[in-house]
K.L.:
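Have a look at this one.
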Protein chains: 2
Amino acid sequence: MSVNLYDSAYELEKAVRQSEEYKNLKQAYDEVNADDSAKGMFDNFRNIQMQLQQKQMMGEDISEEEVMQAQKSVALVQQNAKISNLMDAEQRMSMIIAEMNKIIMKPLEELYGSVE
Amino acid sequence: MSVNLYDSAYELEKAVRQSEEYKNLKQAYDEVNADDSAKGMFDNFRNIQMQLQQKQMMGEDISEEEVMQAQKSVALVQQNAKISNLMDAEQRMSMIIAEMNKIIMKPLEELYGSVE
Ligand SMILES: [Ca+2]
Ligand SMILES: [Ca+2]
């Protein structure tokens, strides 16, 4: 990888780290992490989500009970202000990442677009 | 998204566009594209790959005949110098993209790593 690409990538990394969106996300994470009850609830929610995603990816069936368990864990975390704050911050960060990727990948999009 | 993030993302986009790896990829694509025989072979190869990937993602079975058809199309494109050149250039570009992503995503990796 050329020096120019490395330098530009590290510049962008610095910009991500210094962005309001990243700082907000970090703060929201720290707040959940410092609260044992919120952290437990959130870890449980994440585990359930991951298990369901894995089952979907493997083409396995998801039982009615599992769907209900997932819905319950969503309802539970949404009631927790620190967790819903974190999930909002994560969503904003995801949007930023998607926007950045769209910009960076434009040269490749142009290339593939012109060939197909 | 902040001005700083936009600027840095566009700087990186420019660096991608000006990189040797991207220029090589573009040239390799243009060469395949200008050669009807190579282009036809490559399009056929890509279609077969995509169909197989889609089936895998949907958890569908892949027949022995389909596996053999895929193997034949791989063997065919590997014999074509322009196509194997393009596939090498694509692989190098993929590695660059993976390296860039690793750099840019480091702040998030640190965050998630510290929470889990
Ligand atoms: Ca604590
Ligand atoms: Ca032609």
Side-chain angles (χ1 to χ4, degrees), chain A residues 1-23 25-30 32-34 39 42-43 46 56-61 86 89-90 92-116, chain B residues 1-23 25-30 32-34 39 42-43 46 56-61 86 89-90 92-116:
Chain A
M1 194 153 108
S2 70
V3 175
N4 196 20
L5 270 175
Y6 264 119
D7 284 352
S8 302
Y10 277 112
E11 275 304 308
L12 184 51
E13 190 244 333
K14 211 168 76 185
V16 168
R17 204 180 285 277
Q18 291 170 347
S19 68
E20 278 309 304
E21 292 89 351
Y22 181 71
K23 286 179 191 166
L25 176 61
K26 187 164 170 23
Q27 200 187 333
Y29 250 118
D30 290 345
V32 166
N33 216 22
K39 190 178 179 338
F42 191 61
D43 285 349
R46 276 286 147 92
Q56 261 176 335
M57 265 167 42
M58 308 292 279
E60 286 176 33
D61 287 335
L86 172 55
E90 283 186 330
R92 283 195 297 273
M93 196 72 228
S94 294
M95 283 168 59
I96 299 282
I97 292 166
E99 275 188 81
M100 290 192 314
N101 273 330
K102 209 177 152 189
I103 292 169
I104 302 161
M105 289 301 118
K106 208 161 176 284
L108 288 159
E109 204 191 287
E110 284 173 18
L111 194 60
Y112 291 107
S114 71
V115 164
E116 302 292 305
Chain B
M1 195 151 109
S2 70
V3 175
N4 195 22
L5 271 175
Y6 264 119
D7 283 352
S8 302
Y10 276 113
E11 275 304 308
L12 184 52
E13 190 244 333
K14 211 166 77 184
V16 169
R17 203 181 287 276
Q18 291 170 348
S19 68
E20 277 311 302
E21 292 88 351
Y22 181 72
K23 286 179 192 165
L25 177 60
K26 188 165 169 25
Q27 200 186 332
Y29 251 116
D30 289 345
V32 167
N33 216 25
K39 188 176 180 339
F42 192 61
D43 286 348
R46 277 285 145 93
Q56 261 176 336
M57 266 168 40
M58 309 291 280
E60 285 176 33
D61 288 334
L86 172 54
E90 283 186 330
R92 282 193 298 273
M93 196 70 230
S94 294
M95 280 167 63
I96 299 282
I97 291 166
E99 275 189 80
M100 289 192 314
N101 273 328
K102 207 176 152 190
I103 292 170
I104 303 161
M105 289 301 118
K106 208 161 175 284
L108 289 157
E109 205 191 285
E110 284 173 17
L111 195 59
Y112 290 107
S114 71
V115 165
E116 300 294 305

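Sequence lines set the chain letters: A, B, ... in the order given, protein chains first and strands last, and positions in each chain run from 1. Here the structure is a predicted model, which means the values were calculated and not measured.
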K.L.:
At a 4.5 Å cut-off on heavy atoms, which part of B:Met95 comes close to chain A: side chain, backbone, both, or neither?
P.N.:
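No part of B:Met95 comes within 4.5 Å of chain A.
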K.L.:
Rounded at 0.5 Å granularity, tell me how far CD in B:Glu21 sits from CG in A:Leu5.
P.N.:
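If we round to the nearest 0.5 Å, B:Glu21:CD and A:Leu5:CG are 6.5 Å apart.
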K.L.:
Tell me, side chain or backbone of A:Met58 under 4.5 Å from chain B's heavy atoms, or both, or neither?
P.N.:
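Neither part.
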K.L.:
Look at B:Ser8, B:Gly59, B:Ser2 and state which one has the largest set of heavy-atom pairs under 4.5 Å with chain A.
P.N.:
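The option with the most such pairs is B:Ser8.
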K.L.:
Is chain B contacted by the side chain of A:Tyr22, its backbone, both, or neither, given a heavy-atom distance below 4.5 Å?
P.N.:
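The side chain, not the backbone.
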K.L.:
Answer yes when A:Glu11 and A:Lys14 have at least one side-chain N-carboxylate O distance shorter than 4.0 Å, and no when they do not.
P.N.:
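Judged by the 4.0 Å cut-off on N to carboxylate O distance, A:Glu11 and A:Lys14 do form a salt bridge.
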K.L.:
Assess whether a salt bridge exists between A:Glu90 and A:Arg46, defined as any Lys/Arg side-chain N lying under 4.0 Å from an Asp/Glu carboxylate O.
P.N.:
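Here A:Glu90 pairs with A:Arg46 in a salt bridge, since their nearest N and O are under 4.0 Å apart.
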K.L.:
Only pairs of heavy atoms separated by less than 4.5 Å count here; which of A:Leu108, A:Asn101, A:Leu25 has the most with chain B?
P.N.:
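Looking at each of A:Leu108, A:Asn101, A:Leu25 in turn, A:Leu108 comes out on top.
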K.L.:
Contact part of A:Glu20 toward chain B, heavy-atom cut-off under 4.5 Å: side chain, backbone, both or neither?
P.N.:
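Neither the backbone nor the side chain of A:Glu20 comes within 4.5 Å of chain B.
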K.L.:
How close do A:Leu12 and B:Ala9 get, heavy atom to heavy atom, and via which atoms?
P.N.:
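Taking every non-hydrogen atom into account, CD1-N, 3.7 Å.
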K.L.:
First locate atom CD1 of A:Ile96, then atom CZ of A:Arg92, and finally report the distance between them rounded to the nearest 0.5 Å.
P.N.:
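It comes to 9.5 Å.
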